[in-house]
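Comments concern the structure below.
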Amino acid sequence: MSKTHNSTPLEDGYRMPAEFEPHRGCWMLWPERGDTWRMGAKPAQAAFARVAEAISAFEPVTVGAGRRQWENARALLPEAIRVVEIASDDAWMRDVGPTFVVNAPGDLRGIDWQFNAWGGLDGGIYFPWAQDSLVAGKVLEIERADRYRAPLVMEGGSFHVDGQGTLITTGECLLNRNRNPHLTQKQIEDNLKTYLNVHKVIWLDKGVVMDETDGHVDNLCCFVKPGEVLLTWTDDTDDPQYDRSRQALEMLSAATDARGRRLAVHKIHQPDPMFIKEYECEGLDASETAKPRRTGDRLAASYVNFYIANGGIVMPLFDDAHDRPALDLLSRLFPDRRVVGVRSREILLGGGNIHCITQQIPTG
Ligand code: KQY
């Protein structure tokens with residue numbers, strides 16, 4: 001049985017490596033809920049399978065599927081991918097899975113955050129989320145990794161680290177009254193420092209417009225390497241994303257990281273604004289327990305929501321004119337990795353993208 005420690009990663013000498021450090025593998029979940037994924041989740045399953053296959057060219061991938069879908073997932077996923085039975089309420093491994101930490105000899109442990117489906121009954125996305133809450137513990141059992149239970153309601157997509165002591169997050173999410181209303185900003189920051197073993201927290205204000213996670217940073221901005229970040233951008237001053245990205249640019253440009261460096265900020269132009277189409281809504285099951293998805297709602301599309309694998313980048317494509325320049329930019333920013341694009345509108349329709357559905361296991 002994987003042990004749960006009452007101490008903290010900081011006390012025990014564990015830290016969260018950056019995503020661009022080497023991985024042992026990657027975890028994902030399998031989508032199935034019909035009120036979130038249209039047409040009984042079939043198009044989403046095809047998109048998840050493309051992502052899993054793309055990542056598996058670089059590192060081992062494990063996919064957790066519910067008992068009714070295990071056989072189907074097994075049939076649709078390539079042989080090289082391990083498929084295990086794990087119940088979940090949806091398929092966002094970044095947010096419900098453990099955040100892995102390592103110590104100097106390379107031992108692996110995982111942080112199990114408190115999860116409330118992105119806001120609980122105050123703006124959350126679905127109810128109940130009891131199975132999601134168990135996912136991190138189950139993954140840690142399978143990985144034979146010990147566990148920390150962190151006293152913070154939050155999700156893995158709400159922060160990024162540079163592996164050298166710096167974390168970026170957004171106030172829109174972590175200071176939202178629907179996550180940790182009983183804690184001050186300083187107390188939240190202290191918990192981030194204690195559990196992720198970072199020394200500097202850079203607070204941005206807002207994430208991507210219409211992002212149902214309350215502005216997860218993993219859709220807005222990420223580290224490319226220590227001292228360099230990539231920010232989703234638009235030149236259209238009439239787009240509500242403009243002010244959000246502009247403000248983030250100012251905050252990032254004024255910030256220093258844990259080692260006192262000024263950050264270099266690269267801009268990646270977002271795809272043109274995308275909206276849910278009528279036929280996409282028609283394929284959804286009716287539900288009173290999940291967020292309604294309506295024709296014409298803007299989708300929180302961003303190229304920043306990519307996964308960094310060993311020797312590769314798996315990035316979202318949207319059949320948009322900005323796809324090619326985005327792929328070229330990522331190829332320049334990650335010269336030692338092969339950049340692979342996956343058409344991911346079907347994932348975006350569920351409210352996230354490739355980074356949100358993946359969780360890396362660092363080598364340490
Ligand atoms: O941004 C993420 N890490 C996850 C997106 C979750 C969307 C839930 N429908």
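Just so we're clear, the structure is a prediction, and the values are computed from it rather than from any experiment.
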Salt bridge check, Arg33 against Asp90: does any charged N sit closer than 4.0 Å to a carboxylate O? no
Looking at every heavy atom in both Cys281 and Ile276, which two are closest together, and how far apart are they? SG-CG2, 3.6 Å
Check whether any side-chain heavy atom of Asn72 lies under 4.5 Å from a side-chain heavy atom of Lys42, and answer yes or no. yes
Determine whether a donor-acceptor pair (N or O, by modelled atom type, separation under 3.5 Å) exists between the side chain of Glu228 and the backbone of Lys225. no
Do Glu11 and Thr8 have a side chain donor and acceptor closer than 3.5 Å? yes
Any idea which heavy atoms bring Thr99 and Met16 closest together, and the distance? CG2-SD, 3.5 Å
Specify whether Trp118 and Tyr126 have parallel, tilted or perpendicular ring planes, treating 30° as the upper limit for parallel and 60° as the lower limit for perpendicular. perpendicular
Same cluster for Leu174 and Ile125 if Ile/Leu/Val/Met/Phe/Trp/Tyr side chains link at under 4.5 Å? no
Does one hydrophobic cluster hold both Leu317 and Val208, with members joined at side-chain heavy-atom distances below 4.5 Å? yes
Would you say Asp218's side chain and Asn305's backbone share a donor-acceptor pair under 3.5 angstrom? no
Polar side-chain atom of Thr232 near backbone of Leu220 as donor-acceptor pair, under 3.5 Å: no
When rounded to the nearest 0.5 angstrom, what is the spacing between CG in Asn191 and CG in Leu152? 4.0 Å
Taking all non-hydrogen atoms of both residues into account, name the closest pair between Val201 and Glu189 and its distance. CG2-CG, 3.5 Å
Would you find a donor on one side and an acceptor on the other, under 3.5 Å apart, between the side chain of Ser245 and the backbone of Tyr242? no
Is Asn178 reaching over with its side chain to a backbone N or O of Asp122, donor-acceptor style, under 3.5 angstrom? yes
Would a distance-only check, ignoring hydrogens and angles, find a side-chain to backbone donor-acceptor pair under 3.5 Å from Asp89 to Gln131? yes
Identify whether Val139 and Ile111 are in the same connected component of the hydrophobic contact network (ILVMFWY, side-chain heavy atoms under 4.5 Å). no
Take Gln69 and Gln45, measure what side-chain hydrogen bond (donor to acceptor under 3.5 Å, both in side chains) needs, and give me the verdict at the end. CA-CA 10 Å; Gln69 275 291 319; Gln45 290 173 357; 3.2 Å; yes
So, for Arg68 and Glu32, which heavy atoms are closest and what is the spacing to 0.1 Å? NH2-OE1, 3.9 Å
Apply the test salt bridge (charged side-chain N to carboxylate O under 4.0 Å, His left out) to residues Glu346 and Arg50: give CA-CA distance (whole Å), side-chain angles for both, the deciding distance (0.1 Å), then the verdict. CA-CA 11 Å; Glu346 294 295 338; Arg50 288 195 297 272; over 6 Å; no
Could you tell me the separation between the SG atom of Cys356 and the OH atom of Tyr307, rounded to the nearest 0.5 Å? 13.5 Å
Residues Glu141 and Arg147 bridged, charged N to O under 4.0 Å: no
Which value, rounded to the nearest 0.5 Å, describes the distance between Gln241 atom CD and Asp211 atom CG? 9.5 Å
Quick check: closest heavy atoms across Leu263 and Phe223, and the distance to 0.1 Å? CD2-CE2, 4.3 Å
With the threshold set at 4.0 Å, does a side-chain nitrogen-carboxylate oxygen contact exist between Asp328 and Arg332? no
Transitive ILVMFWY side-chain link Ile347 to Leu299, under 4.5 Å: no
When rounded to the nearest 0.5 angstrom, what distance separates CG in Leu167 from CD1 in Ile202? 8.5 Å
Flag, side chain of Asp112 to backbone of Arg149, donor-acceptor distance under 3.5 Å: no
Identify whether the distance between the nearest side-chain nitrogen and carboxylate oxygen of Arg24 and Glu143 falls below 4.0 Å. no
Interatomic spacing from NZ in Lys206 to CG in Asp214 - rounded to 0.5 Å: 12.0 Å
Under 4.0 Å between a Lys/Arg side-chain N and an Asp/Glu carboxylate O for Arg343 and Asp319? yes
Tell me if a side-chain donor or acceptor on Gln114 pairs with a main-chain N or O of Pro151 at a distance below 3.5 Å. no
Taking Arg337 for the side chain and Ile308 for the main chain, is one N or O donor matched with an acceptor at less than 3.5 Å? no
From Trp30 atom CH2 to Trp70 atom CH2, the distance as rounded to the nearest 0.5 Å: 12.0 Å
Determine whether Phe115 and Trp92 make a side-chain contact, defined as any pair of heavy atoms from C-beta on separated by less than 4.5 Å. no
Quick one: sort the Trp113 and Phe159 rings into parallel, tilted or perpendicular, breaks at 30° and 60°. perpendicular
Is there a donor-acceptor contact under 3.5 Å from the side chain of Arg82 to the main chain of Val61? no
Carboxylate-amine/guanidinium contact Asp162 Arg259, below 4.0 Å: no
Closest heavy-atom pair, Ile268 versus Ala326, reported as atoms and distance to 0.1 Å, is CD1-CB, 3.9 Å
Got a salt bridge between Arg15 and Glu21, using NZ or NE/NH1/NH2 to carboxylate O under 4.0 Å? yes
Would you kindly say whether Arg94 and Gln360 are connected by a side-chain donor-acceptor distance under 3.5 Å? yes
Are the side chains of Leu29 and Val96 in contact, using a 4.5 Å heavy-atom criterion? yes
Less than 6.0 Å separating the ring centroids of Trp27 and Phe100? no
